[in-house]
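First the structure, in the form of structure tokens, and then the observations on it.
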Amino acid sequence: MDWYLVLKWLHILSSTVLFGTGIGTAFQMVWAMRTGRVETVHSVASGVVVADWIFTTPAGIVQPATGLALVFLGGWGWDASWLIVTYAAYALAFVCWAPVVRLQIRIRDLARDAMDNGEPLPDEARRLYRLWFALGWPAFGALVGVFWMMVAKPALW
């Protein structure tokens, strides 16, 4: 068995899950928040939280593990410029994602409380959503950059 190809397949598969789940759940959350309907926000935010635990978290762990194994098996130097940029971009994506998970949970809980009390979505949920939305863009850009580094492997310095 060619372990390099197995790891490469796992790396590509997990990157697809990570990126695809991220875009998909972000779209759903944006769409739900646009409705302003507390029931919709609660339902979608609940699904987004579950998706992050089931799909994003495992993929986010598999990515660096398989990536580092590929670097080792592929004979790359750990300090290749494209890898350093990749490490930094992945770290940026993680630094943005970690608080996003907490924000999603809080938005879900605020929507649940509002729904249970027959109230509209509170302003705090909208404020948290704006922060959630703002954190998504650098994470998205960082992962797009990671994809480019993986494909192009440019010598940057």
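Nothing here was measured: the structure is a model prediction, and the numbers come from that model.
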Shared hydrophobic cluster for [X] and [Y] (ILVMFWY, side-chain gaps under 4.5 Å):
X: Phe55; Y: Val48; answer: no
X: Ile84; Y: Met149; answer: yes
X: Val85; Y: Leu92; answer: no
X: Val49; Y: Leu103; answer: no
X: Phe140; Y: Phe94; answer: no

Are there over 12 heavy-atom neighbours, none belonging to [X], within less than 6.0 Å of that residue's [atom1]?
X: Arg37; atom1: CZ; answer: no
X: Trp82; atom1: CH2; answer: yes
X: Tyr4; atom1: OH; answer: yes
X: Trp157; atom1: CH2; answer: yes
X: Asp123; atom1: CG; answer: no

State, to 0.1 Å, how close [X] and [Y] come at their nearest heavy-atom pair, and which atoms those are.
X: Ala59; Y: Ser14; answer: CB-O, 3.5 Å
X: Ala114; Y: Pro122; answer: CB-CD, 4.0 Å
X: Leu7; Y: Ala69; answer: CD1-CB, 3.6 Å

Practice problem: May I ask you to decide if the ring planes of Phe72 and Trp78 are parallel, tilted or perpendicular, using 30° and 60° as cut-offs? | Solution: parallel
Quick check: does any side chain N or O of [X] sit under 3.5 Å from a backbone N or O of [Y], one acting as donor and the other as acceptor?
X: Thr21; Y: Leu18; answer: no
X: Thr35; Y: Ala32; answer: yes
X: Tyr90; Y: Gly60; answer: yes
X: Thr57; Y: Asp52; answer: yes
X: Thr16; Y: Ile12; answer: yes

Quiz prompt | Carboxylate-amine/guanidinium contact Arg106 Asp109, below 4.0 Å | solution = no
From [X] [atom1] over to [Y] [atom2], what is the distance, rounded to the nearest 0.5 angstrom?
X: Glu124; Y: Leu128; atom1: CD; atom2: CG; answer: 5.0 Å
X: Leu83; Y: Trp76; atom1: CG; atom2: CH2; answer: 7.5 Å
X: Leu73; Y: Thr66; atom1: CG; atom2: OG1; answer: 11.0 Å
X: Met29; Y: Arg108; atom1: CE; atom2: CZ; answer: 10.0 Å
X: Phe133; Y: Met33; atom1: CZ; atom2: CE; answer: 11.5 Å
X: Leu121; Y: Glu39; atom1: CG; atom2: CD; answer: 10.0 Å

Quiz item: How about Trp31 and Val44: do any of their side-chain heavy atoms sit closer than 4.5 Å?
Solution: no
Quiz item: With a 4.5 Å heavy-atom cut-off, do Leu135 and Trp97 have their side chains touching?
Solution: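 Side chain of Leu135 against side chain of Trp97, heavy atoms only: no contact under 4.5 Å found.
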Quiz item: What's the verdict on side-chain contact (heavy atoms from CB on, under 4.5 Å) for Tyr129 and Val30, showing C-alpha distance, side-chain angles and the deciding distance?
Solution: CA-CA 9 Å; Tyr129 165 74; Val30 168; 3.4 Å; yes
Quiz item: Going through the checks in order, is the side-chain contact (heavy atoms from CB on, under 4.5 Å) test met by Glu119 and Val38?
Solution: CA-CA 8 Å; Glu119 298 171 351; Val38 69; over 6 Å; no
